[in-house]
Amino acid sequence: MEAIRFSQNTLYLLDQTRLPTEEVWRSYRDYRPVAEAIRTMVVRGAPAIGCAAAYAMALAAMEFEGKPDYAEHMAQAERVLADSRPTAVNLFWALERMRPLWQAGAGSERLCRAAVAIHQEDAAMCRAMGEYGAALIPDHARILTHCNAGALATGGYGTALGVVRAAFAQGKVEMVYCDETRPLLQGARLTAYELTADGIPATLITDNMAGALMAQGKVDCVVVGCDRMAANGDFANKIGTYSVAVLAKHHNIPFYTALPSSTVDVSLPDGSGIVIEQRSPEEVLSFQGVQTGPAGVQVWNPAFDVTPHDLLSGIITEKGVLRPPFDAALAGLFEQ
Ligand code: MRU
């Protein structure tokens with residue numbers, strides 16, 4: 001399964017707002033609608049957003065190469081893309097990786113190659129995470145996950161679901177419990193869809209069922225994704241991740257996050273500095289056009305929360321599994 005393709009100077013995105021009922025591919029030759037696609041979550045998930053932004057910069061280079069004010073146009077394209085969503089650091093990481101190229105005057109061909117490399121590297125990092133993470137999964141595992149950190153959210157294969165896929169291939173997975181993940185239902189619409197498509201046993205639960213499931217002894221470990229991790233291991237992920245982490249701690253269940261090193265933001269000493277995206281009240285007040293709350297009521301709708309590092313049992317990366325103390329382990333990740 002994949003969500004991003006690039007061929008013949010065109011970016012194709014699988015519209016994730018339409019899943020699981022419709023598989024609609026959208027095509028892009030202009031960076032501006034790609035920024036809009038990120039904002040409206042046609043493409044979503046931290047690494048996938050980074051890949052899409054890199055391709056969008058290549059599209060901008062196609063539009064502006066040969067013009068005298070090339071660098072100014074490219075800087076403007078970067079600003080528009082950077083404004084799309086604030087929390088996942090992979091977006092900014094990808095834009096930073098593309099920047100020296102266009103600043104040095106490289107044109108679209110070079111930027112296309114760089115974007116393809118970012119995309120392919122991300123998929124490869126997911127495979128590596130899968131292998132390292134699978135070693136943590138016990139036999140007959142019943143794994144709980146939140147939101148979607150799968151092939152749809154990455155360059156391919158997935159971070160948390162990469163671990164699930166690798167463990168399943170080793171015959172270790174008895175069941176994956178998917179939190180539906182209100183308000184936009186990425187767990188129901190995307191994770192349950194990915195898993196069933198791959199023949200991996202999946203059970204969908206509403207978010208408020210996770211505690212009861214754990215209390216009945218039906219969860220052996222939790223694996224989630226990550227949108228931005230601070231230098232001490234505090235990390236932002238989909239709203240509700242923190243609640244799952246607290247529940248896991250209470251029930252003595254190992255709780256892991258899986259992420260590529262491009263999701264680590266060493267400029268932030270801890271999670272308090274992570275900007276949390278606030279989204280429209282409409283997402284909570286209604287669902288797919290059906291009103292679910294009274295008009296005029298106030299709504300709080302943060303897209304992410306921050307889980308403190310002391311609730312984490314381990315961090316699964318493409319270079320191996322990090323154990324506490326996480327600040328030293330994360331620093332070491334960039335020294336290797
Ligand atoms: O708002 P979303 O759907 O972009 O949020 C996605 C998540 O929170 C994922 O868990 C995270 O990006 C990791 S994806 C490998």
Side-chain angles (χ1 to χ4, degrees), residues 1-4 13-19 37-53 84-94 119 121-123 125-130 133 144-165 178-191 193-194 207 222-229 235-245 255-265 271 274-280 283-284 301-307 315-318:
M1 185 168 299
E2 57 185 354
I4 303 172
L13 298 175
L14 177 60
D15 186 343
Q16 299 190 37
T17 67
R18 305 286 283 270
L19 291 172
I38 295 172
R39 200 185 61 74
T40 57
M41 296 170 68
V42 166
V43 60
R44 37 64 53 200
I49 293 172
C51 295
S84 57
R85 291 190 80 187
T87 302
V89 75
N90 307 61
L91 171 73
F92 306 95
W93 174 90
H119 188 175
E121 282 168 28
D122 188 69
M125 287 192 287
C126 286
R127 293 262 171 193
M129 264 174 260
L144 185 137
T145 191
H146 189 75
C147 193
N148 173 265
L152 295 168
T154 60
Y157 200 66
T159 56
L161 292 194
V163 173
V164 166
R165 283 192 165 93
C178 315
D179 279 356
E180 70 171 349
T181 316
R182 275 287 283 154
L184 296 180
L185 302 193
Q186 289 93 328
R189 294 187 306 102
L190 308 177
T191 296
Y193 168 79
E194 272 196 38
D207 299 333
V222 178
V223 188
V224 297
C226 175
D227 284 87
R228 188 185 295 235
M229 177 168 278
F235 73 104
N237 192 51
K238 177 54 54 194
I239 187 73
T241 301
Y242 171 58
S243 315
V244 178
F255 178 90
Y256 303 104
T257 180
L259 60 147
S261 45
S262 51
T263 306
V264 181
D265 182 355
I274 300 177
V275 176
I276 299 294
E277 176 186 11
Q278 298 289 327
R279 292 187 63 89
S280 161
E283 292 178 352
V284 177
N301 185 19
F304 303 96
D305 55 27
V306 174
T307 298
I315 302 170
I316 303 162
T317 76
E318 79 278 12

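In listed order, ligands and their atoms are each counted from 1. All values below were derived from every heavy atom in this structure, side-chain atoms included, with hydrogens, water molecules and symmetry-related copies excluded. This structure is a prediction, so every number in the text was calculated from the model and none was measured.
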- Message: I need the single residue from Asn90, Ile315, Thr159 that forms a side chain to side chain contact (heavy atoms under 4.5 Å, CB included) with Leu259. Which is it?
- Response: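 Single side chain to side chain contact (heavy atoms under 4.5 Å, CB included) partner of Leu259 among Asn90, Ile315, Thr159: Ile315.
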
- Task: For a side chain to side chain contact (heavy atoms under 4.5 Å, CB included) with Pro47, tell me which candidate from Leu91, Ile4, Thr154 qualifies.
- Result: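 Going through the options one by one, the only one that passes is Thr154.
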
Looking at [X], which atoms of ligand 1 are within less than 4.0 Å of one of its heavy atoms?
X      : answer
Asp227 : 7 (C), 8 (O), 9 (C), 11 (C), 12 (O)
Thr154 : 15 (C)
Gln186 : 1 (O), 2 (P), 3 (O)
Ala46  : 12 (O), 14 (S)

Check: [X] side chain, [Y] main-chain N or O, donor-acceptor pair, under 3.5 Å:
X      : Y      : result
Thr191 : Cys147 : yes
Glu283 : Asn301 : no
His146 : Gly225 : no
Thr87  : Val275 : yes
Arg127 : Tyr157 : no

In this structure, does ligand 1 have an atom that sits under 4.0 Å from one of the heavy atoms of [X]?
X      : result
Met41  : yes
Gln16  : no
Cys226 : yes
Pro47  : yes
Asn148 : yes

- Query: Given that the side chain starts at C-beta and the backbone is N, CA, C, O, which of these parts of Ala149 lies under 4.0 Å from ligand 1, counting heavy atoms, or is it both or neither?
  - Reply: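 Within the 4.0 Å criterion, Ala149 contacts ligand 1 through backbone and side-chain atoms alike.
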
- ligand 1-proximal atoms of Lys238, by part, heavy-atom distance under 4.0 Å: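 Both backbone and side chain.
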
Of all the non-hydrogen atoms in the protein, which one sits nearest to [atom], and at what distance?
atom                    : answer
atom 14 (S) of ligand 1 : Ala153 CB, 3.5 Å
atom 15 (C) of ligand 1 : Thr159 OG1, 3.1 Å
atom 6 (C) of ligand 1  : Arg44 NH2, 3.5 Å
atom 10 (O) of ligand 1 : Asn237 OD1, 2.6 Å

Side chain or backbone, does [X] bring an N or O within less than 3.5 Å of an N or O on ligand 1?
X      : value
Gly45  : yes
His146 : no
Arg85  : yes

- Task: Using a 4.5 Å cut-off on heavy atoms from C-beta on, say whether the side chain of Leu144 contacts that of Val244.
- Result: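 Yes. Closest side-chain heavy atoms under 4.5 Å.
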
- Task: Answer with yes or no whether the side chains of Arg44 and Asn148 bring together a donor and an acceptor at under 3.5 Å.
- Result: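 There is such a pair (donor and acceptor under 3.5 Å, judged by atom type) between the side chains of Asn148 and Arg44.
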
- Query: Distance only, no hydrogens: is a donor on one side chain within 3.5 Å (strictly under) of an acceptor on the other, for Thr17 and Asp15?
  - Reply: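 Judged by distance alone, the side chains do pair up.
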
- Task: Considering non-hydrogen atoms only, spot the tightest contact between Cys226 and Ala46 and give its length.
- Result: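 The pair with the smallest heavy-atom distance is O-CB, 3.7 Å.
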
